[in-house]
Amino acid sequence: MHRQQLILFVILFAISTVPHFLSEQTNLVLATGLSSVLLYPMRVTSTLLEYLNISSARIERLEIRLSQLHLENALLKDQLDVDTTQMASPQHLLLKARVIGRDPLNINGYLHIDKGMTHGVAVNQPAIAVDGFVGKVKHAGPTTSVIETFENDGFTVSAVDVKTGIHGVVRKQKHLTFLYVRHTDTINVGDSVITSGMSEIFPKGILLGTVQMILESDDMFFKNVYLKPAVQINRLASIYIIQMTASTPGG
Amino acid sequence: MLRYLLYIITLYVTLPFSGTVDLTAIIVFYVITTEDARFALAFAFGTGLLTDLYYPTRLGINTVVYVALTQALLFLKKFLVLNPLTTVATFIVLYLVKTVALSLAIASPIELTRIIYTVLAFFPTVSLLNKLSHGVWMTE
């Protein structure tokens, strides 16, 4: 037993020392050959993880693109004078409404629209524009309604950064702010922030804005992330009310 | 046989993290102290080779050090009464020898933080290996 062990040791030790007597070129060829066999499980695992990471980011991008295309399609139909008063999608019904007034005390905070309960408008239905998120129905009258936009102070919506998957809350304070991003989180200027879907009101995937500025704050846990809104409220002439169909998950 | 497979799988799983905490060294030490001498030598050789390939510096350097230290420990094992204290002490001494030998061979600085992390990780890793391979957290 002891003798076998000694012989094995001598053999293994001799094999181990062989590369030290070979040229660099030979060692390189030897290492490449051995790596391709011995490190195969690691290569497969890392390739798989990379693929999953890319796929998940791609799905997220495609979801956003899809919702943008839905809206773009609606706008194009509008331009072609097609009746877009009501447009159906598999999950949502988009009701087009014209902006007919604004609150003089809070010009961008509230919008008055020409659709009301008789058109199916109800309180808390989400409102969007071609470029992205607008707000929600605050009050629904018989033929007109009031929309509370994200420009209204204190308006809050749960959101997620598309690129990094960081969840937080977007709130209008002095600026449109993406809250609860920790100091250790990596978030970049230019990242798109969308609704996270963690709400009974807003569906996932509506573009809220892009990260405009990141400032380290005095807060012990979170930094200040400011967004550039996707929609300019003061330029809106028409919006779309999202009405959930019965088959909408979470709707 | 299943235990041997477990060691190999554990080796592959821990290898990517061994740049920070030298878990492979702990596994090799565990195998030497608990398994058959021939398997321990072959395992040490394999570990050295994988380390050489995954963290390339000079092909064969880790293999030489691992095989030599394994043979040394197999020899010393006969004179040691392995209890938790002597086990930790032996590991620290051998790990330091390994680190210094490698550092001298490839002329690289000694990473103190890595040594500290490895020593700290020794006991939990050994306990976990004990639980996985023998079904108990700690052997006498």
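Keep in mind that the numbers below use all heavy atoms, side chains included, and drop hydrogens, waters and symmetry copies. Quick note on labels: first sequence line is chain A, next is B, and so on, each numbered from 1. Nothing here was measured: the structure is a model prediction, and the numbers come from that model.
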Q) At their closest point, which heavy atom of P19(A) faces which heavy atom of G60(B), and how far apart are they? A) CG-CA, 4.3 Å
Q: Quick one: pull up CG in L15(B) and CG in L39(A) and give me the separation to the nearest 0.5 Å.
A: 7.0 Å
Q. Could you give the distance from CD (Q71(B)) to CG (L8(A)), rounded to the nearest 0.5 Å?
A. 9.0 Å
**Q.** Residue pairs passing the ring-ring contact (aromatic ring centres under 6.0 Å, His included) test where at least one lies in residues 14-36 of chain A, sequence neighbours excluded
**A.** none
(Q) Among V13(B), L41(B), T63(B), which residue has the highest count of heavy-atom pairs closer than 4.5 Å to chain A? (A) L41(B)
Q. Looking at L53(B) and A31(A), what are the two nearest heavy atoms and their distance?
A. CD2-O, 3.6 Å
Q) Side chain, backbone, both or neither: which part of Y54(B) has an atom under 4.5 Å from a heavy atom of chain A? A) both
Q) Any side-chain heavy atom of L74(B) sitting closer than 4.5 Å to one from F9(A)? A) no
Q) To the nearest 0.5 Å, how far apart are CG in L50(B) and CE in M42(A)? A) 7.0 Å
Q: Check each atom of L49(B) against the heavy atoms of chain A and say whether the ones under 4.5 Å are side chain, backbone, both or neither.
A: side chain
Q.
Counting C-beta onward and ignoring hydrogens, is there a side-chain heavy-atom pair between Y12(B) and L38(A) closer than 4.5 Å?
A. yes
**Q.** Proximal to chain B - members of residues 161-175 of chain A, heavy-atom separation under 4.5 Å
**A.** none
Q. Hey, is OH on Y226(A) packed in by over 12 heavy atoms from elsewhere, all under 6.0 Å?
A. yes
Q) Measuring from I7(A):CD1 to R38(B):CZ, what's the distance to the nearest 0.5 Å? A) 11.0 Å
Q) So which heavy atom on V64(B) is nearest to which on S16(A), and how close? A) CG2-CB, 3.4 Å
(Q) Taking atom CG as the centre, does L2(B) end up with more than 12 heavy-atom neighbours from other residues, nucleotides or ligands that are less than 6.0 angstrom away? (A) no
Q | CG on L30(A) to CG on D52(B), rounded to 0.5 Å | A | 10.5 Å
**Q.** Pairwise distance CD(Q5(A)) to CZ(F75(B)) - rounded to 0.5 angstrom
**A.** 10.5 Å
Q: Take atom CZ of R43(A) as the centre, draw a 6.0 Å sphere, and report whether it contains more than 12 heavy atoms from other residues, nucleotides or ligands.
A: yes
